[in-house]
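Below, all heavy atoms of this structure are taken into account, side chains as well, without hydrogens, waters or symmetry copies. Naming convention: chains lettered A, B, ... in sequence-line order (proteins, then strands); numbering from 1 in each chain.
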Protein chains: 4
Amino acid sequence: MIRKVSKPRRAAKEVAAKPGPAMVEHRGNRHGRSEGARTAILEAADNLLVERGFAGVTIEGIAAAAGVAKQTIYRWWTSKTDVLMDAFLEDMIQASVPSDSGDLKSDLKHHLVGLAKMLAESDTGAVFRALLAEAQHDSELATRLRTQFIEPQRLRDLFPFEQARKRGELYPEFDTDAALEQLLSPIYYRVLVSGQPVSQSYVESLIRRLVLR
Amino acid sequence: MIRKVSKPRRAAKEVAAKPGPAMVEHRGNRHGRSEGARTAILEAADNLLVERGFAGVTIEGIAAAAGVAKQTIYRWWTSKTDVLMDAFLEDMIQASVPSDSGDLKSDLKHHLVGLAKMLAESDTGAVFRALLAEAQHDSELATRLRTQFIEPQRLRDLFPFEQARKRGELYPEFDTDAALEQLLSPIYYRVLVSGQPVSQSYVESLIRRLVLR
Amino acid sequence: MIRKVSKPRRAAKEVAAKPGPAMVEHRGNRHGRSEGARTAILEAADNLLVERGFAGVTIEGIAAAAGVAKQTIYRWWTSKTDVLMDAFLEDMIQASVPSDSGDLKSDLKHHLVGLAKMLAESDTGAVFRALLAEAQHDSELATRLRTQFIEPQRLRDLFPFEQARKRGELYPEFDTDAALEQLLSPIYYRVLVSGQPVSQSYVESLIRRLVLR
Amino acid sequence: MIRKVSKPRRAAKEVAAKPGPAMVEHRGNRHGRSEGARTAILEAADNLLVERGFAGVTIEGIAAAAGVAKQTIYRWWTSKTDVLMDAFLEDMIQASVPSDSGDLKSDLKHHLVGLAKMLAESDTGAVFRALLAEAQHDSELATRLRTQFIEPQRLRDLFPFEQARKRGELYPEFDTDAALEQLLSPIYYRVLVSGQPVSQSYVESLIRRLVLR
DNA sequence: CATTAATCGAGACGGTACGTCTGGTCTTCCC
DNA sequence: GGGAAGACCAGACGTACCGTCTCGATTAATG
C-alpha cells in the first residue's frame with residue numbers, strides 16, 4: 001500500500017549546488033519537490049504526535065500546522081502513519097553512535113540504557129510505539145518498520161559484541177543473536193507490555209545474567 | 001475515561017436462575033439489561049476485528065452487525081476499544097487451565113506453547129494485539145489492560161513454578177519473577193516486534209536456558 | 001437524479017397542531033425532520049445566492065451560514081441547485097394572488113408589472129434567473145423548473161384572461177395562449193437577454209398592442 | 001475583469017500566408033503567439049462544451065484536450081467563459097449573410113428560422129446559451145455579450161426591415177424596433193424558458209401577426 | 001390496574017476528518 | 001519571450017463515523 005517514494009528525484013548534490021543561503025523559497029515550481037514543505041510536514045507530524053497523541057494526528061492537522069496544502073501531503077505520502085514513519089526515520093538518523101570503550105559490559109550498558117530511554121521516554125520513542133502499534137494491524141507497515149528500522153537497529157545493537165569478539169572477549173561458540181535477544185526482549189516487554197520502568201540497575205542486572213565465556 | 005461499568009446490576013445468579021427457555025427476548029423493557037444485545041455486540045466486535053482489522057471496527061458497524069441501536073452500545077461502553085476489551089476478556093474466560101503434570105519443564109512447555117499460539121495466531125490474539133497497540137497511546141486503556149489481563153495472566157503464568165516449588169523442584173532462592181520474564185519477554189518480543197515465529201522448539205530452547213537449581 | 005424528497009413525513013396538521021410558539025427546538029431526535037434546520041438552509045441558500053452569486057453558493061457555505069452540518073443538507077437534497085430550487089419554490093408560495101378588478105387590461109397590468117419586478121429586481125428573481133441559467137445545461141433541472149414553476153405560473157398568468165372570458169370581454173375565438181406569449185416573452189427577453197428595463201409604461205404598451213375583440 | 005486581449009498582434013494575413021507545410025510547429029519560441037495553440041484551444045473549448053456540458057468545461061480540460069499547457073490559456077484569457085466567448089464569436093463570424101430576396105416576409109422567415117435553429121439546435125447555440133446563462137450572474141460578461149454579440153446581431157436582424165423600407169414596403173411610421181422585438185422575443189422565450197420547439201410554421205405565424213402597413 | 005421507570009431499535013442532528021478533485025499561481029527549462 | 005511541465009496553496013466535493021439526543025414501543029415492578 002505504501003507505494004509512494006518519499007524523497008525522490010532530488011539528488012543531494014543539486015540541493016547543495018544551490019548556492020547562497022540555499023533552500024530556495026518557492027511555492028510551486030519546477031525545482032521539483034519542495035524541501036521546505038517536506039521538512040515542515042515531518043516536523044509538524046512529530047510535534048502533533050507528542051502534543052496531541054496518535055489520534056490527534058490528522059492529515060488536515062499536519063497540513064495546517066505545516067502551512068501546507070493537504071494535497072502536498074497526499075502527493076508524497078499515503079497516510080498519516082506513512083508520514084510518521086518518515087518522521088521517525090529522520091529522527092533516528094541522529095541515532096546513537098555506539099560507544100566503544102574496550103569493555104563489552106560497559107558498552108552494552110551504555111547502549112542499552114540509551115535505547116531504553118529512547119523507547120520509553122523520548123518523543124522519538126512515542127513515535128516508534130505508535131508505529132509499532134499501528135503495525136499490529138497493518139502488515140505492510142510492519143514489514144516496512146522491520147526493514148527500515150528493526151533490522152538496521154539490530155546491526156547497531158550487535159556492534160558491541162562484534163568489537164568484543166575482535167578483542168577475544170567472547171568464547172568462540174558464543175551466540176550473539178541469542179544474547180541480544182536475552183537483553184532486548186525484556187526491555188521491549190517492559191516498555192510495551194508491562195509498563196514497568198527500565199532503570200539503569202535493571203539493565204545492569206540483565207547484562208550480569210549473560211555468561212560471556 | 002472509562003467510567004461505565006460493562007455488566008452492572010445483574011448478578012450471575014439471576015442469569016443462572018433463568019434457565020431452560022429463558023433468555024427472554026425483549027426490545028426495551030424492565031428486565032434490565034438485555035443479555036442478547038450484550039453478547040451480540042461482543043461477538044460482532046470480535047468478528048469485525050478479525051474480518052476487517054482494527055480500523056474497520058466502528059461503533060456504527062458493530063451496531064449494524066449486531067442488529068442493535070448505537071445508543072445501546074454507548075449506554076454500556078465508552079468506545080470501541082472498551083467494547084473490544086470486554087470481548088477479549090470474555091474470550092479469555094475459556095482460557096487454559098494450566099496443566100499440572102508433576103514436571104515443571106513439561107508444564108511450562110505446554111503452557112507457553114499455548115500462550116504463544118494464542119498471541120500469534122488466534123483471533124483472540126489479534127484482539128489482544130489490537131488492544132495493546134491502542135494502549136500505547138491510551139494510558140487509561142493501558143492501565144485497564146494491565147489490571148484486567150496482564151496481572152491475572154501473570155498469576156496463571158506463575159502457577160507451574162508454584163507447583164514446582166511445592167514439590168521442591170526449585171532451589172530456595174529461585175527468583176520466579178525473573179525466570180518468568182526470561183521466558184515471556186522473548187515470546188512477546190517475537191510476536192509484537194520482530195515478527196519471528198514462536199515454534200515449539202524455540203520455546204523448549206528458552207526453557208532449557210533456565211537454571212532451576 | 002433528484003430522488004430525495006424534500007419535505008416528507010410531516011403532515012401539515014401536526015405542524016399546525018403544535019400550538020403557541022411551537023417549532024420544537026431539537027438537535028437530532030425522532031421528531032422526524034427538523035423544520036428549523038430546513039428553513040435555515042433554504043434561507044441561507046437564498047441569501048448566499050443574492051450576496052455572492054451563483055458560483056458563490058456552495059454546500060459548505062450554506063451549511064456554515066445555516067449553522068448546520070453538511071450531512072444534514074446531503075441527507076435531504078442532492079445538489080446546491082436542488083436546494084436553491086426548493087428555496088425558490090418556497091419563496092414563490094407567497095406569490096401574488098392575481099388581482100381581479102373586473103377589467104382585463106387593468107388586471108394584466110397589475111399582474112405583469114408585479115411579475116417583471118419580481119424577475120428583474122427581487123432576490124427571488126435572482127434565484128430564478130440563476131436556476132434558469134443552470135437549466136440551460138442541466139436538462140433534469142430544466143424539466144423540474146418547467147414542471148414545478150413555469151407550468152403553474154402559466155396558470156396564474158392565464159387567470160386574468162379566464163375571468164375576462166367569463167365576463168364576456170373576449171371574442172370567442174380569442175387565443176389566450178398566444179396572447180399570453182405576446183405579453184410574457186418580451187418581458188423575459190428584456191430581463192434575460194437584452195437587459196433593457198421593463199417599466200410600467202412598457203408593460204402598458206405591450207397590453208395596448210393586444211386586440212381583444 | 002476581462003483585461004486581456006484575446007487576439008493581439010497577429011494579423012489574419014499572416015495566418016493565411018503560412019499555408020501548406022507551414023503553420024510552424026513550435027513549442028515556445030520567438031514567433032509571438034502561437035496561432036496553432038489559439039485555435040486548438042478554442043476548438044477544444046467548443047467541443048468540450050458540446051460533449052460534456054458547461055460544468056464539464058474546465059481550463060485543465062481544455063488544456064489537456066488542446067495539448068497545451070494551462071498557463072498558455074491563462075496567459076491569454078481570464079476564465080473559461082472568456083475562452084468560450086471567443087470561441088462563440090469565432091463561430092459567429094461565419095454567420096448568415098441575411099438573404100435579400102426582395103420580399104420582407106420571405107427574408108424574415110429565412111433569417112428567423114436560421115436564427116432559431118442556431119439557438120436551439122446547433123453547437124454554437126449551446127455555447128450561446130451557456131454564455132447567456134453565465135451572464136445572469138456575471139454582469140461583466142453580460143455587458144460583453146451584449147456589446148459583442150447582441151447589438152451586432154440586432155443590426156443583422158434589422159437588415160431585412162431596412163431593405164424593405166428602401167423598397168417602400170413599410171408605412172413611414174413603422175416601428176422596426178418594436179416589430180423586431182415582437183418577432184425575436186417569442187423565439188428566445190421558447191428556447192430559453194419554456195423549451196417549446198420553434199418550428200418553421202411557428203415562425204411564419206409570428207410574421208403573419210405583424211401589421212406592416 | 002394504572003402509573004412509572006428502564007431499556008430497546010430507530011434515526012436525525014451538529015460535527016470532524018477523510019481522500020479526491022479543480023482552479024489559479026508560480027518557477028524553471030527548452031526552443 | 002512563448003510555451004510545456006509540474007509542484008504548490010486553496011478550498012469544495014461527497015462520504016463515513018463520531019457522540020448526543022429524542023422518539024415511540026415494550027415490559028416489569030410499584031402503589
Side-chain angles (χ1 to χ4, degrees), chain A residues 9 24-34 36-37 55 57-61 63 66-76 78-80, chain B residues 9 24-34 36-37 55 57-64 66-76 78-80, chain C residues 9 24-34 36-38 55 57-61 63-64 66-76 78-80, chain D residues 25-34 36-37 55 58-61 63 67-76 78-80:
Chain A
R9 241 182 298 265
V24 183
E25 289 267 342
H26 64 250
R27 305 175 18 116
N29 54 18
R30 223 179 172 183
H31 286 298
R33 185 172 187 179
S34 161
V57 180
T58 62
I59 297 277
E60 304 223 317
V68 141
K70 266 200 300 181
Q71 190 53 35
T72 300
I73 300 180
Y74 283 111
R75 204 186 329 270
W76 303 106
T78 59
S79 63
K80 74 173 179 180
Chain B
R9 245 179 297 262
V24 183
E25 288 266 345
H26 63 253
R27 304 176 18 115
N29 54 16
R30 224 179 172 185
H31 287 297
R33 183 174 187 178
S34 162
V57 180
T58 64
I59 298 278
E60 302 224 320
I62 296 171
V68 140
K70 267 200 298 181
Q71 190 54 34
T72 300
I73 300 180
Y74 283 109
R75 207 187 327 271
W76 303 105
T78 59
S79 62
K80 75 172 181 180
Chain C
R9 241 180 298 266
V24 183
E25 290 265 344
H26 66 245
R27 301 178 21 114
N29 54 16
R30 221 181 177 186
H31 289 296
R33 183 174 189 179
S34 162
R38 190 185 141 272
V57 179
T58 63
I59 298 278
E60 305 224 315
V68 139
K70 264 200 301 181
Q71 189 54 35
T72 300
I73 299 181
Y74 284 111
R75 204 182 337 266
W76 302 104
T78 58
S79 63
K80 74 172 180 180
Chain D
E25 290 267 344
H26 63 249
R27 307 175 17 114
N29 54 19
R30 274 169 175 165
H31 296 295
R33 182 172 189 180
S34 161
T58 63
I59 298 276
E60 305 222 352
V68 141
K70 270 201 295 183
Q71 190 54 33
T72 301
I73 301 181
Y74 282 112
R75 199 180 336 262
W76 302 104
T78 59
S79 63
K80 75 172 177 181

Trainee: With hydrogens left out and only the distance checked, is there a donor-acceptor pair under 3.5 Å joining A/Lys70's side chain and the base of F/dG11?
Mentor: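 Not at all, since no donor on one side and acceptor on the other fall under 3.5 Å apart.
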Trainee: Are any of B/Trp76's side-chain N or O atoms less than 4.0 Å away from OP1 or OP2 of E/dA6?
Mentor: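 The answer is no; no side-chain N or O of B/Trp76 sits under 4.0 Å from OP1 or OP2.
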Trainee: Return yes if the base of E/dC18 and the side-chain atoms of A/Glu60 contain a donor-acceptor N/O pair under 3.5 Å, otherwise no.
Mentor: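 Side chain to base: no pair present.
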Trainee: If you pin A/Val68 and B/Lys80 to their nearest nucleotides in DNA chain F, which one's is more 5'?
Mentor: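 Nearest-nucleotide comparison on DNA chain F picks A/Val68.
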Trainee: Give the minimum heavy-atom separation between C/Ala69 and C/Ala63, together with the two atoms involved.
Mentor: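 Of all heavy-atom pairs spanning C/Ala69 and C/Ala63, the closest is C-CB, 4.2 Å.
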Trainee: Identify which nucleotide among F/dG19, E/dC13, F/dC13 has an atom closest to any side-chain atom of C/Ile59, counting heavy atoms from C-beta outward.
Mentor: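 Within the option list, the nearest is F/dC13.
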Trainee: Can you say whether a donor on the side chain of A/Gln71 sits under 3.5 Å from an acceptor on the base of F/dC8, or the other way round?
Mentor: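 Donor-acceptor pair under 3.5 Å: no.
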Trainee: Could you give the CD1-to-P distance, from C/Ile73 to E/dG15, as a whole number of Å?
Mentor: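 Roughly 12 Å, once rounded to whole Å.
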Trainee: Determine: side-chain N/O of A/Thr72 to OP1/OP2 of F/dC9, distance under 4.0 Å, yes or no.
Mentor: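 Indeed, a polar side-chain atom of A/Thr72 lies that close.
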Trainee: Which pair of heavy atoms, one from A/Lys80 and one from A/Val57, lies closest together, and at what distance?
Mentor: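 Minimum heavy-atom contact is NZ-O, 3.0 Å.
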Trainee: Look up atom CD1 in D/Ile59 and atom OG1 in D/Thr78, then write down how far apart they are to the nearest 0.5 Å.
Mentor: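 Separation between the atoms: 8.0 Å.
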Trainee: Is the phosphate of F/dA16, meaning OP1 or OP2, less than 4.0 Å from a side-chain N or O of B/Thr58?
Mentor: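 Negative; the distance criterion is not met.
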Trainee: For the residue pair B/Ala37 and B/Thr72, what are the closest heavy atoms and their distance?
Mentor: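 Here B/Ala37 and B/Thr72 meet closest at CB-CG2, 4.4 Å.
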Trainee: Contact class for C/Gly67 (heavy atom, under 4.0 Å): base, sugar-phosphate, or nothing?
Mentor: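 Here C/Gly67 touches the backbone only, sparing every base.
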Trainee: Let me know the distance between OH of C/Tyr74 and P of E/dC13, rounded to the nearest Å.
Mentor: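 Result: 16 Å.
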Trainee: Counting only side-chain N and O atoms of A/Arg75, is one of them less than 4.0 Å from OP1 or OP2 of F/dA7?
Mentor: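 Looking at the OP1 and OP2 atoms of F/dA7, neither is under 4.0 Å from any side-chain N or O of A/Arg75.
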